[in-house]
Amino acid sequence: MLDIKYLRENFAAVEKSLATRGGTIDLSGFTTLDQQRRELLSKGEVLKAEKNKVSAMIGQTKNKSLVQAEISSMKEVSAQIKDLDDQLREVEEQLNQLLMGVPNIPHEKSPIGLSEDDNVEVSSWGEKPNLDFPPKAHWDIGEDLGILDFERGSKLSGARFCVYFGAGARLERALINFMLDLHTQEHNYKETLPPFLVNRASMTGTGQLPKFENDLFHTEDVDLFLIPTAEVPVTNLHRDEILNEKDLPLCYTAYTPCFRKEAGSHGKDTRGLIRQHQFNKVELVKFVRPEDSDAELDALLKNAEKVLQLLGLPYRVVDLCTGDIGFSAARTFDIEVWLPGQQCYREISSCSTFRDFQARRASIRFRREGAKKPELVHTLNGSGLAVGRTLLAILENYQQKDGSVVIPEVLKPYMGGLEKIEK
RNA sequence: GGAGAGGUGACCGAGAGGCCGAUGGUGCUCGCCUGCUAAGCGAGUGUAGUGUAACGCUACCGAGGGUUCGAAUCCCUCCCUCUCCGCCA
């Protein structure tokens, strides 16, 4: 959520900046609603002040028959107050609905552009493997090795579900452990294992609700949602809290499955592991002081890159343009891994700063040493990494002519010393 | 699922229609004291909205309604936590 005061005082500038996201972001109702709200508020407050004063007087009067006139006039005033409060509630609801639907203001350094074609490659790492045979796509590799079973996945659950077997299942588990160990032991993140179902307040805090309810799986008998990313439970850990400055930055890592309806991507990435309704991810989340957030985003990105470097997977980093940045984010770097089977780069991590956007929605603040007023923290998060996509990248990059897949060096201890996956 | 208890400020914990934005304690900040540390003494210390030159005013005691001139306090609904019993990973 944007700062209502900032919006009021910089309306034109905000409108202009939001326009760089493309699409239509309608702020036209704001000024009127904001004025109505303040008028109703001050009218009501004058009456409340009077009511409070007279009621106190009545309270001090022993003989109530002397104040019958005041009592009955206050009855009238109370009715007026109730009426104003009702009007106010309605205006505030509209205003809130409008505000909750407004995306974050893009970072001043984000490249301006309308679509992913305008994203800017900022770096790349590694050598694309030089294969002397036609590379297979991971779904063929996985099925041929008997470690991925898409048919049974759809039998059990439907399209976009997959079953892992044997060394495939173990590889997924190995990757989760490898990533968690790296981030906790080398990068100083605190491991957390949060709930996979969360309530509306949590989904609203990070910005999935109210706008993107259609993308979420929802439970029928109780009002809970399956998390689409660990960002939601982990960021909401500190919802409605005031943190100590000396505890910042707070850095968490979490493994969770992620559940996404993928509404609106029918027909896209229908084969393979790229786009599943359920996938595993190791997430990185930070709570930082505002002045540190840019540097912390760089550090977060480096931590995610490290995973790919250790796994020996070639990748590039892309600075998302204003038109491609998600609703809550101010700036996002995507890491894209090279997939020989498809001869293209595909997103494997997304590292973002939300500045105070989520912190305002979720009321996550901190108090500076000796300061009186709490301030909003900045929140950041990034995938470190999407596990399913990492697994498929390994299958495609480490595939051999004979159909086997070599295990990357750093994963061997996690695979019980296994050198390669073969039939 | 059955029975009971309870949700109050950063934390603990009083308050049971007006004197309560809320005693007290812990923590924190500032000052004093003290070779150092610990202890001690004194003062201060909630959040938000709104208007202003200063300062007010308003709201907030889990959430939402209701009763009343007046609600942390009474009534209703919901949510959450804890204890015991039952059931079950």
Side-chain angles (χ1 to χ4, degrees), chain A residues 1-9 30-100 193-205 209-210 218-219 221-225 233 236-248 250 257 287 289 356 359-377:
Chain A
M1 191 159 67
L2 303 182
D3 180 359
I4 189 165
K5 275 189 202 153
Y6 183 83
L7 181 56
R8 189 182 296 148
E9 284 157 21
F30 172 75
T31 308
T32 315
L33 286 170
D34 183 46
Q35 270 169 10
Q36 281 178 355
R37 171 174 172 269
R38 283 188 288 169
E39 271 168 34
L40 287 166
L41 207 51
S42 72
K43 264 194 211 167
E45 284 182 0
V46 168
L47 290 179
K48 282 175 189 170
E50 190 196 344
K51 183 195 77 175
N52 289 344
K53 224 197 265 172
V54 175
S55 290
M57 187 274 286
I58 293 171
Q60 280 162 10
T61 307
K62 292 269 161 55
N63 187 346
K64 296 291 188 249
S65 62
L66 296 176
V67 288
Q68 275 313 314
E70 281 80 1
I71 288 177
S72 61
S73 82
M74 282 310 103
K75 206 171 204 157
E76 176 61 27
V77 168
S78 279
Q80 287 175 31
I81 288 171
K82 193 169 177 317
D83 185 50
L84 286 169
D85 278 348
D86 287 345
Q87 292 180 49
L88 181 65
R89 192 174 317 131
E90 198 164 309
V91 168
E92 284 191 327
E93 200 168 298
Q94 286 178 45
L95 188 62
N96 198 41
Q97 210 171 345
L98 187 147
L99 244 33
M100 288 301 244
L193 184 61
F196 305 154
L197 286 162
V198 299
N199 57 27
R200 257 172 211 281
S202 297
M203 283 295 184
T204 306
L209 290 181
H218 181 249
T219 56
D221 46 352
V222 282
D223 193 21
L224 292 174
F225 297 87
N236 278 282
L237 283 177
H238 295 300
R239 171 154 50 83
D240 297 323
E241 288 184 19
I242 298 173
L243 306 167
N244 290 322
E245 181 181 24
K246 64 173 188 292
D247 295 331
L248 301 181
L250 277 171
F287 302 81
R289 298 187 304 179
D356 61 14
R360 186 171 296 105
R361 287 179 161 240
S363 187
I364 309 169
R365 293 171 293 175
F366 77 105
R367 203 187 310 271
R368 291 186 191 274
E369 300 291 333
K372 219 169 123 90
K373 273 185 100 59
E375 288 174 53
L376 294 168
V377 300

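Owing to the predicted nature of the structure, the values given are computational and were not obtained by experimental measurement. Chain identifiers are assigned alphabetically (A, B, ...) following the order of the sequence lines, protein sequences preceding nucleic acid strands; residue numbering begins at 1 within each chain.
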Next item on the list: For A/Arg368 and B/A10, give me the distance from atom CZ to atom C1', rounded to whole Å.
Entry: 18 Å

Notebook entry, point to check: Do A/Asp85 and A/Arg89 meet the salt-bridge criterion of a basic N to acidic O distance under 4.0 Å?
Noted result: no

All N/O contacts under 3.5 Å from nucleotides 18-20 of chain B to the protein, with atom names and distances to one decimal?
| unit_1 | atom_1 | unit_2 | atom_2 | d |
| --- | --- | --- | --- | --- |
| B/G18 | N2 | A/Ser55 | O | 2.7 |

Margin query: A/Asp356: which residues meet the salt bridge (Lys or Arg N to Asp or Glu O under 4.0 Å) condition with it, sequence neighbours left out?
Written below: A/Arg360

Check: Only one of A/Glu90, A/Glu93, A/Glu92 forms a salt bridge (Lys or Arg N to Asp or Glu O under 4.0 Å) with A/Arg37, so which one is it?
Finding: A/Glu92

Checklist line | A/Arg365 vs B/A48: side-chain N/O to OP1/OP2 distance below 4.0 Å | finding: yes

Notebook entry, point to check: Is any side-chain heavy atom of A/Arg361 less than 4.5 Å from a side-chain heavy atom of A/Arg239?
Noted result: no

Item checked: Interatomic distance, A/Gln35 CD vs B/G51 P [rounded to whole Å] -> 11 Å

Item checked: Residues from residues 74-81 of chain A lying under 4.0 Å of RNA chain B - heavy atoms -> A/Met74, A/Lys75, A/Ser78

Next item on the list: Return one dot-bracket line describing RNA chain B 5' to 3' (Watson-Crick or G-U wobble pairs, both distances under 3.5 Å; ( ) same strand, [ ] crossing, | another strand, . none).
Entry: ((((((((.[[[..)..(.....]]]((((((.......))))))((((((...)))))).[[[[[..)....]]]]])))))))....

Margin query: Categorize A/Lys246 for me: base, sugar-phosphate, or nothing, with a 4.0 angstrom heavy-atom threshold over every strand shown.
Written below: nothing

Next item on the list: Answer whether the closest heavy-atom distance between the side chains of A/Arg365 and A/Val377 falls below 4.5 Å.
Entry: no

Next item on the list: Could you tell me whether the side chain of A/Tyr6 reaches within less than 4.5 Å of the side chain of A/Arg8, counting heavy atoms only?
Entry: no

Item checked: A/Pro210 vs A/Gln97 side-chain heavy atoms within contact, under 4.5 Å -> no

Item checked: Whole-Å C1' distance, B/C76 and B/C84 -> 28 Å

Next item on the list: Please state how far atom CG in A/Asn199 lies from atom C1' in B/A63, giving the value in whole angstrom units.
Entry: 13 Å

Check: For the pair made of NZ in A/Lys82 and C1' in B/U67, what is the distance, rounded to whole Å?
Finding: 12 Å

Checklist line | Minimum-distance nucleotide to A/Lys5 side chain [options: B/G51, B/A10, B/G49] | finding: B/G49

Checklist line | Whole-angstrom distance between B/U34 and B/G44, as gauged at atom P | finding: 24 Å

Item checked: A/Gln87 side chain reached by A/Val91 side chain, heavy atoms, under 4.5 Å -> no

Margin query: Within the structure provided, determine whether A/Leu2 and A/Leu99 are in side-chain contact (heavy-atom separation under 4.5 Å).
Written below: no

Next item on the list: For B/A71 versus B/A59, give the span between their C1' atoms, rounded off to a whole number of Å.
Entry: 14 Å

Notebook entry, point to check: B/G49 P sits how many Å from A/Leu7 CG, rounded?
Noted result: 14 Å

Checklist line | Whole-Å P distance, B/G7 and B/G15 | finding: 11 Å

Notebook entry, point to check: Taking for each residue the nucleotide of RNA chain B with the nearest heavy atom, is it A/Pro374 or A/Asp34 whose nucleotide lies nearer the 5' end?
Noted result: A/Pro374

Item checked: Atom C1', compared across B/G27 and B/C75: separation rounded to whole Å -> 38 Å

Next item on the list: Tell me what A/Arg37 touches on the nucleic acid: a base, only sugar-phosphate, or nothing, going by heavy atoms under 4.0 Å.
Entry: sugar-phosphate

Check nucleotides 56-60 of chain B for protein N or O atoms closer than 3.5 Å to its own N or O atoms and list the pairs.
| unit_1 | atom_1 | unit_2 | atom_2 | d |
| --- | --- | --- | --- | --- |
| B/U58 | OP1 | A/Asn52 | ND2 | 3.1 |

Item checked: Side chain proximity check, A/Phe30 to A/Leu95, heavy atoms < 4.5 angstrom -> yes

Item checked: Whole-angstrom distance between B/U58 and B/A72, as gauged at atom P -> 14 Å

Notebook entry, point to check: Does a side-chain N or O from A/Arg89 land closer than 4.0 Å to OP1 or OP2 of B/G64, or not?
Noted result: no

Item checked: Whole-Å gap separating P (B/A48) and CZ (A/Arg38) -> 19 Å

Margin query: For a quick test of reading the model: is some side-chain N or O of A/Arg367 closer than 4.0 Å to OP1 or OP2 of B/C28?
Written below: no

Item checked: Taking every non-hydrogen atom, the tightest pair across A/Gly205 and A/Asn236 -> CA-OD1, 4.1 Å

Next item on the list: Mind checking side chain to side chain donor-acceptor pair (under 3.5 Å) for A/Arg200 and listing every partner two or more places apart, or none if nothing turns up?
Entry: A/Glu213, A/Asp223

Margin query: Taking the basic N atoms (NZ, or NE/NH1/NH2) and the acidic carboxylate oxygens, is any pair closer than 4.0 Å for A/Lys43 and A/Asp83?
Written below: no

Notebook entry, point to check: What's the CG-P distance between A/Leu376 and B/U47, to the nearest Å?
Noted result: 13 Å

Note to self: For the P atoms, the ones on B/C41 and on B/G25, what distance do you get once it is rounded to whole angstrom?
What the structure shows: 11 Å

Next item on the list: Could you tell me how the ring of A/His218 sits relative to the ring of A/Phe225: parallel (under 30°), tilted (30 to 60°) or perpendicular (over 60°)?
Entry: tilted

Next item on the list: Apply side-chain hydrogen bond (donor to acceptor under 3.5 Å, both in side chains) to the pair A/Ser55 and A/Asn52, showing each step before the final yes or no.
Entry: CA-CA 5 Å; A/Ser55 290; A/Asn52 289 344; 5.8 Å; no

Note to self: Rounding to an integer number of Å, can you tell me how far A/Leu47 CG sits from B/U50 P?
What the structure shows: 19 Å

Check: At under 4.0 Å between heavy atoms, what does A/Arg8 touch on the DNA or RNA strands: base, sugar-phosphate, or nothing?
Finding: sugar-phosphate

Note to self: Within the structure provided, determine whether A/Leu7 and A/Asp34 are in side-chain contact (heavy-atom separation under 4.5 Å).
What the structure shows: no

Notebook entry, point to check: Which value, in whole Å, describes the distance between the P atoms of nucleotides B/G21 and B/U26?
Noted result: 25 Å

